[in-house]
Amino acid sequence: MEKIEPELLKTAAREAAKNAHAPYSRYPVGAALLTIDGKIYRGCNVEASSYGLTVCAERNAIAAAVVAGEKHFRAIGIFSPNGAPPCGACRQVIWDICGDIDVFLFDEYEKVQRLRSADLLPTPFDNNKLKDIDD
Ligand code: THU
């Protein structure tokens, strides 16, 4: 398997952030989700006038990949103005759909942080474990 190129993820996530619909927060976020076979799916945050309906960049990238039939992932790159980590809701969805993958955080400068999704959600609610209850 080829080495992950964080720069490619940064470029894709930064490009996606340019399409953010964030008139309320003015905080654009872009996400680039890398599949096991090297494809990248992008997402940006999409805000709504009823604020709670806002969907984060990470979950939109995951939804785009799922719609395309993707099931196996390697990494997600997230670009935001200050290189912030994903919110709690996104951590759960990253865990559920992607499992333990690399997470790269990018900001407008040269800062890059590399984490694992298991570090971001150390004690996850895990749907697979629910099956154990019946056994
Ligand atoms: N946001 C994301 O896109 N991802 C996150 O993980 C945290 C927050 C968005 C939601 C909202 O549009 C803006 O950032 C400010 O919270």
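Heads up: numbering here begins at 1 and tracks the sequence. Whatever order the structure lists ligands and atoms in, that order sets their numbers, starting from 1. Keep in mind that this is a model prediction, so the values were computed, not measured.
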As a test of the contact definition, would atom 4 (N) of ligand 1 count as having a protein heavy-atom neighbour under 4.0 Å? yes

Donor-acceptor check, side chain of Ser117 to backbone of Gly99, threshold 3.5 angstrom: yes or no? yes

Taking only heavy atoms of Asn45 into account, list the atoms of ligand 1 that are under 4.0 Å away from them. 3 (O), 9 (C), 11 (C), 12 (O), 13 (C), 14 (O)

Check ligand 1 against Glu47 and write out every atom of the ligand that is under 4.0 Å from a heavy-atom position of the residue. 11 (C), 12 (O), 13 (C)

Winner among Thr54, Ile78, Asn60 once heavy atoms are compared against atom 10 (C) of ligand 1: Thr54

Would you kindly specify which portion of Ala22 sits under 4.0 Å from ligand 1, judged on non-hydrogen atoms: side chain, backbone, both or neither? neither

With heavy-atom distances below 4.0 Å as the criterion, list the atoms of ligand 1 near Glu58. 2 (C), 3 (O), 4 (N), 5 (C), 6 (O)

Taking Ala20's backbone N and O only, do any of them form a donor-acceptor pair with Asn45's side chain (distance below 3.5 Å, no angle check)? no

Between Arg116 and Asp100, is there a donor-acceptor pair closer than 3.5 Å when you use the side chain of the first and the backbone of the second? yes

If you scan protein heavy atoms around atom 1 (N) of ligand 1, the nearest is Cys56 SG, 3.6 Å

To which protein heavy atom is atom 14 (O) of ligand 1 closest, and what is the distance rounded to 0.1 Å? Tyr27 CD2, 3.4 Å

Check: Arg91 side chain, Pro86 main-chain N or O, donor-acceptor pair, under 3.5 Å: yes

I'd like to know if the side chain of Glu47 and the backbone of Ser25 have a donor-acceptor N/O pair within less than 3.5 Å. yes

